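Worth knowing before you read on, the calculation uses all heavy atoms, side chains too, and leaves out hydrogens, waters and symmetry mates. Quick caveat, the model's predicted, so the values are computed rather than measured.
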Amino acid sequence: MAEETTEERNNARLAIIELSNMISVPMALNAIVRLNVPDGIWQGGANTPLTAADILARVLPSGGDSENLQRILRMLTSYRVFTEHIIGGDRKYSLTEIGKTLVTDGEGLSYAPYVLQHHQDALMKAWPILHEAVIDPSSEPFVKANGEPAYCYYGKNQEMNELMQKAMSGVSVPFMKAILEGYDGFGGVECLVDVGGSAGDCLRMILQKHPNVRAAINFDLPEVVAKAPSIPGVRHVGGDMFKSIPSGDAIFMKWVLTTWTDEECRMIMKNCYEALPRGGKLIACEPVLPNESDDSHRTRALLEGDIFVMTVYRAKGKHRTEEEFRQLGLSTGFLHFRAFYIDHFYTVLEFLK
């Protein structure tokens with residue numbers, strides 16, 4: 001082992017302390033979202049640097065501890081959520097591009113619900129037993145902590161289910177904008193089925209861009225589509241994707257295969273194959289892992305998401321590489337495969353029958 005006083009060893013000790021205290025980061029994000037700090041700073045796009053006391057006066061008129069808020073702001077500044085301005089001896093804060101993702105837009109959407117959704121009590125109970133996914137992968141830590149799978153748990157808790165839908169909408173809308181700008185695979189499709197379409201946000205956007213889609217089916221669990229809003233041109237259909245999937249010229253899905261095991265993915269994709277005509281295609285938008293690990297923001301986000309899936313949704317559900325997706329397609333009958341790297345996180349995977 002190297003000398004304990006070398007710069008390399010000192011940096012290593014600092015790094016492990018940082019990693020050990022890393023829980024401070026998501027919990028601080030959770031706190032500033034709950035306090036509505038991003039919207040409090042933004043106020044119509046002004047983004048004027050404000051002291052912690054100024055921010056507190058906007059978001060918590062009944063009062064609070066501005067010193068403790070400043071401590072949270074300083075820490076998140078080190079992760080580039082805020083910019084710190086020291087003016088006349090005062091610390092003031094504005095939003096960076098990262099911080100702006102938490103601001104509510106004109107459609108009432110942001111990444112803020114995504115932050116809150118990840119840190120609910122039931123999910124947090126699963127993390128201390130993450131090691132159980134290694135010892136016994138027959139069930140995920142969420143089940144061991146809460147007694148039932150996450151989707152069943154959400155279905156019985158209206159508040160959690162609504163937060164999940166809002167979180168998915170906040171993530172899906174910017175993603176779909178990127179897809180609709182950079183991917184032309186919806187051209188020529190007349191009947192499109194969205195598997196796991198939730199409230200139908202993705203179909204609504206696809207239909208606005210592609211009037212050639214004359215029939216659209218939002219397919220999800222019966223209890224999910226029962227709460228979906230009416231959308232012109234979209235028919236909501238409840239069912240079980242493991243049993244059958246409605247027929248269409250193309251089938252679209254987003255973040256569906258990731259939460260299931262390889263065998264379960266084959267069942268889903270086989271049902272898609274059987275629901276498509278010759279020449280039809282499955283368009284799956286999923287996180288795709290790089291072949292090699294590195295410390296880029298994208299790779300870290302993908303690998304962290306992979307551990308989230310293992311902890312909460314399926315111990316053997318996972319993010320996959322492009323080649324792993326290709327092999328899943330071949331094993332279920334699809335003849336051709338293409339991958340389009342368009343979005344910052346998701347990749348468009350096209351499987352042609």
- Query: So, H236 side chain and P229 main chain: donor-acceptor pair closer than 3.5 Å or not?
  - Reply: yes
- May I ask you to check whether H336 and F351 place their ring centres under 6.0 Å from each other? no
- Message: Taking the basic N atoms (NZ, or NE/NH1/NH2) and the acidic carboxylate oxygens, is any pair closer than 4.0 Å for E264 and K316?
- Response: no
- When you measure from the side chain of N212 to the backbone N and O of V189, does any donor-acceptor pair fall under 3.5 Å? yes
- Main-chain N/O of L95 paired to N47 side chain as donor or acceptor, under 3.5 Å: yes
- Message: So, taking the atom named CD1 in I268 and the one named CZ in R266, what distance separates them when rounded to the nearest 0.5 Å?
- Response: 12.0 Å
- Shortest non-hydrogen contact between S24 and M75, atoms and distance: O-CE, 3.2 Å
- Message: Do K209 and F186 form a cation-pi contact, if we require the NZ or CZ to be under 6.0 Å from the six-membered ring centre and within 45 degrees of the ring's axis?
- Response: no
- Exam field: side chain D220 to backbone S198, donor-acceptor pair closer than 3.5 Å: yes
- Message: Rounded to the nearest 0.5 Å, what separates atom CZ in R204 from atom CG in D194?
- Response: 12.0 Å
- Query: Can you tell me how far OG1 of T83 sits from NE2 of H85, rounded to the nearest 0.5 angstrom?
  - Reply: 5.0 Å
- Spacing of OG1 belonging to T311 relative to CD1 belonging to I129, to within rounding of 0.5 Å: 9.5 Å
- Keeping the roles fixed (side chain from R235, backbone from I217), state whether a donor-acceptor pair exists under 3.5 Å. no
- Check: N157 side chain, Y153 main-chain N or O, donor-acceptor pair, under 3.5 Å: no
- No-hydrogen, no-angle side-chain donor-acceptor test under 3.5 Å, Y93 and Q70: no
- Task: I would like to know whether S172 and S169 meet side-chain hydrogen bond (donor to acceptor under 3.5 Å, both in side chains); could you show each step before the answer?
- Result: CA-CA 5 Å; S172 295; S169 293; over 6 Å; no
- Between W255 and F175, is the gap from one ring center to the other below 6.0 Å? no
- How about E286 and T258: does a side-chain donor come under 3.5 Å of a side-chain acceptor? yes
- Item | Y154-Q117 side chain donor-acceptor pair, cut-off 3.5 Å | yes
- Message: Ring centres under 6.0 Å, that's the criterion: do F334 and Y273 meet it?
- Response: yes
- Message: Whether the side chain of E181 engages the backbone of A178 through a donor-acceptor N/O pair (distance < 3.5 Å, no angle test) should be reported.
- Response: no
- Message: Parallel, tilted or perpendicular: which one describes the rings of Y114 and H118, with boundaries at 30° and 60°?
- Response: tilted
- Task: Answer yes or no: is there an ion pair linking E140 with K144, defined by an N-O contact shorter than 4.0 Å?
- Result: no
- Message: With no hydrogens and no angle check, just 3.5 Å: does a side-chain donor-acceptor pair link D294 and T299?
- Response: yes
- Considering all heavy atoms of both residues, which atom of A112 and which atom of V33 are nearest to each other, and what is their separation? CB-CG1, 3.7 Å
- Indicate whether the side chain of E322 and that of Y341 have a donor and an acceptor atom separated by less than 3.5 Å. yes
- Message: Given 3.5 Å as the limit, does a donor-acceptor pair link the side chain of D262 with the main chain of L328, or not?
- Response: no
- Task: Return the minimal non-hydrogen interatomic distance between S293 and L303, and the atom names on each side.
- Result: OG-CD1, 4.3 Å
- Item | S244 and N271: side chain donor to acceptor below 3.5 Å | no
- Message: Between the side chains of E84 and R91, is the shortest nitrogen-to-carboxylate-oxygen separation below 4.0 Å, so that they form an ion pair?
- Response: yes
- Message: Rounded at 0.5 Å granularity, tell me how far SG in C202 sits from CG in L192.
- Response: 10.0 Å
- Message: Taking NZ in K166 as the centre, count heavy atoms belonging to other residues, nucleotides or ligands within less than 6.0 Å. Is the count above 12?
- Response: no
- Task: Please check if any side-chain donor atom of T51 sits under 3.5 Å from a side-chain acceptor atom of D54, or the reverse.
- Result: yes
- Between R320 (side chain) and L257 (backbone), is there a donor-acceptor pair under 3.5 Å? yes
- Charged N to carboxylate O under 4.0 angstrom, D249 versus K281? no
- Query: What's the spacing between L203 CG and I231 CD1 if we round to 0.5 Å?
  - Reply: 7.0 Å
